[in-house]
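For reference, the structure discussed in these notes is given below.
Letters go in sequence order (proteins before strands), and every chain restarts at 1. Nothing here was measured: the structure is a model prediction, and the numbers come from that model.
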Amino acid sequence: MLDIQLLRNDLEGTAQRLKGRGFELDVARFQELEQERKGVQMRTQELQAKRNQSSKQIGIAKSKGEDVAAIMAEVANLGDELKAAEEKLAYIQSHLNDLLMTIPNLPHESVPLGKSEEDNVEVRRVGTPRTFDFAVKDHVDLGESLKQLDFETAVKISGARFSVMKGQLARLHRALAQFMLDTHTAEHGYTEVYVPYLVNAESMRGTGQLPKFEADLFSVQKNENEKLYLIPTAEVPVTNIVRDAIIAAEDLPLKFVSHTPCFRSEAGSYGRDTRGMIRQHQFDKVELVQIVAPEQSYAALETLLGHAETILKKLELPYRVMALCSGDMGFSAAKTYDIEVWLPAQNTYREISSCSNFEAFQARRMQARYRNEKNKPELAHTLNGSGLAVGRTLVAILENYQNADGSVAIPAALRPYMGGMENITLED
RNA sequence: GGAGAGAUGGCCGAGUGGUCGAAGGCGCUCCCCUGCUAAGGGAGUAUACGGGCUUAAACCUGUAUCGAGGGUUCGAAUCCCUCUCUCUCCGCCA
């Protein structure tokens, strides 16, 4: 959520900046609502002040045993107008709030301007894609011929965009998550957290998934009038740890890492990546979350990005870092880097991590604050990044480490998690 | 699932219809005292939003907020209704 003051003070300028990320702010509607709000709010408060004063006088008079009939009569006809004014104010404010909740974050000044993926800027490339002296298979062919990846059974159990893994491959999947968690806790100073996978609507609003993106979420009915949502990323429960909290300055930065499944209905993406594990309704991810003081958030974004990159370096997977352009960033982000891993079978780099600074956008929705030097509560900045998406990392390992005979070498960093095993081989 | 108790500021805790945004304590900030430390004395110390003033802050002023929402009333932390959560006991369960 943007600071409403920003819209009041510089509506045109803000609208212009939002245009840069492809969002058309309804300036006229905001102005209209805001003007109406001002008038109604002033009138409401005026009436409330009058009522409060009269009521106070009634109290004083009664305690002195005086007659209060005159004051009572005076205040009596305030009631209807006050009630109407209060209702109208609530109505206007809820509309203003609805409008505010659907406005995306402003891009940071360092974000390249652009309309789509095409305009993202490559920041660096690390590692060299391996050259193969045989025809590469994609992860689906590899996994299926190893008899450890089974989409047909997944379809039977659940439907499209799910997968079943077995044997060594299932273990490798588990090993990856363990390896990532261990690296971030032992080497990068993150605190591991275990969090709910079902969250309430308030949490989804806090990080920005609601109200705008309900269609992308799975939900379950908790009771007649309450829904719970399956988390699309650990970002939601982990960031909401600090919702409605005031954190002591000395406790910042907070650094959490969490391994969770993620559930996405991905409505609107039908037809994209229908084959394989790239785009699934359910996948595992290790997520990094930081809560920091505002002046530190951009430095924190760089280090968080580095933490995610460390995993790829240790796994010796070639990747590149992209700075997303204004038009390609997510709703809540002020700045985002994507890490893309090399996939030989697709002969291209594919997203495996997304690291963002949200500045105060989520914190404002969540009322997540800390005490600054003046001991005043101030909105914190929130960041997160995948460190990494486990399923896609598995895909990258299969494809990059494949051998001519269809077996797959296990990266050295993972072997301790695989009982010393060096290759994934055919299993029955 | 059954029975009971509860939810008040950063924390503890008083407050059952009126000058209550809320006693008292702890904590914190500033000042005084003290050779240092400890102890002591004094003052201050919620948040959000509106309006005024302002480059901004500070400040002044108003409104709202005592788990959430609704109701009664001129007036609600206090009374009524609904909901949520927490705790205790019982049952069940991994």
Whom does [N] pair with, Watson-Crick or G-U wobble, provided both distances fall under 3.5 Å?
N	value
B:U65	B:A46
B:U55	none
B:U19	none
B:C26	B:G10
B:C36	none
B:C89	B:G2
B:C79	B:G71

Proximity to the side chain of [X] - top-ranked nucleotide from [options]:
X	options	result
A:Q41	B:U19, B:U47, B:C49	B:C49
A:R371	B:G10, B:C74, B:C49	B:G10
A:S55	B:C74, B:A64, B:G62	B:C74

Under 4.0 angstrom, heavy atoms only, what part of the nucleic acid is [X] near: base, sugar-phosphate, or nothing?
X	value
A:R369	sugar-phosphate
A:Q5	sugar-phosphate
A:S63	base
A:K222	sugar-phosphate

Closer than 4.0 Å, any side-chain N/O of [X] to the OP1 or OP2 of [N]?
X	N	answer
A:N200	B:U84	no
A:R51	B:A64	yes
A:R37	B:G51	yes
A:N52	B:U63	yes

Take atom [atom1] in [N] and the same atom in [M], then report the distance between them in whole Å.
N	M	atom1	value
B:G67	B:A56	P	38 Å
B:A64	B:A77	P	10 Å
B:U45	B:C60	P	11 Å
B:G2	B:C83	P	13 Å
B:G4	B:A48	P	41 Å
B:C11	B:C74	P	36 Å
B:G13	B:G70	C1'	29 Å
B:G42	B:G24	P	13 Å

Does the side chain of A:F179 come within less than 4.5 Å of A:L315's, by heavy atoms?
yes
Between A:V75 and A:T44, who's closer to the 5' end of RNA chain B by nearest nucleotide?
A:T44
Assign each of A:Q93 and A:Q45 the nucleotide of RNA chain B bearing its closest heavy atom; nearer the 5' end lies the nucleotide of A:Q93
Show, in sequence, the C-alpha distance, side-chain angles and deciding distance for A:N120 and A:C325, and conclude whether the side chain to side chain contact (heavy atoms under 4.5 Å, CB included) test is met.
CA-CA 5 Å; A:N120 294 343; A:C325 74; 3.5 Å; yes
Closer than 4.0 angstrom, basic N to acidic O: yes or no for [X] and [Y]?
X	Y	answer
A:E202	A:R205	yes
A:K50	A:E81	no
A:R124	A:E309	yes

Taking every non-hydrogen atom, the tightest pair across A:S326 and A:G114:
OG-N, 3.1 Å
Is there a donor and acceptor pair closer than 3.5 Å between the side chain of A:K56 and the base of B:G18?
no
Between A:H184 and A:F256, does the side chain to side chain contact (heavy atoms under 4.5 Å, CB included) criterion hold? Intermediate values first, please.
CA-CA 9 Å; A:H184 294 309; A:F256 297 118; over 6 Å; no
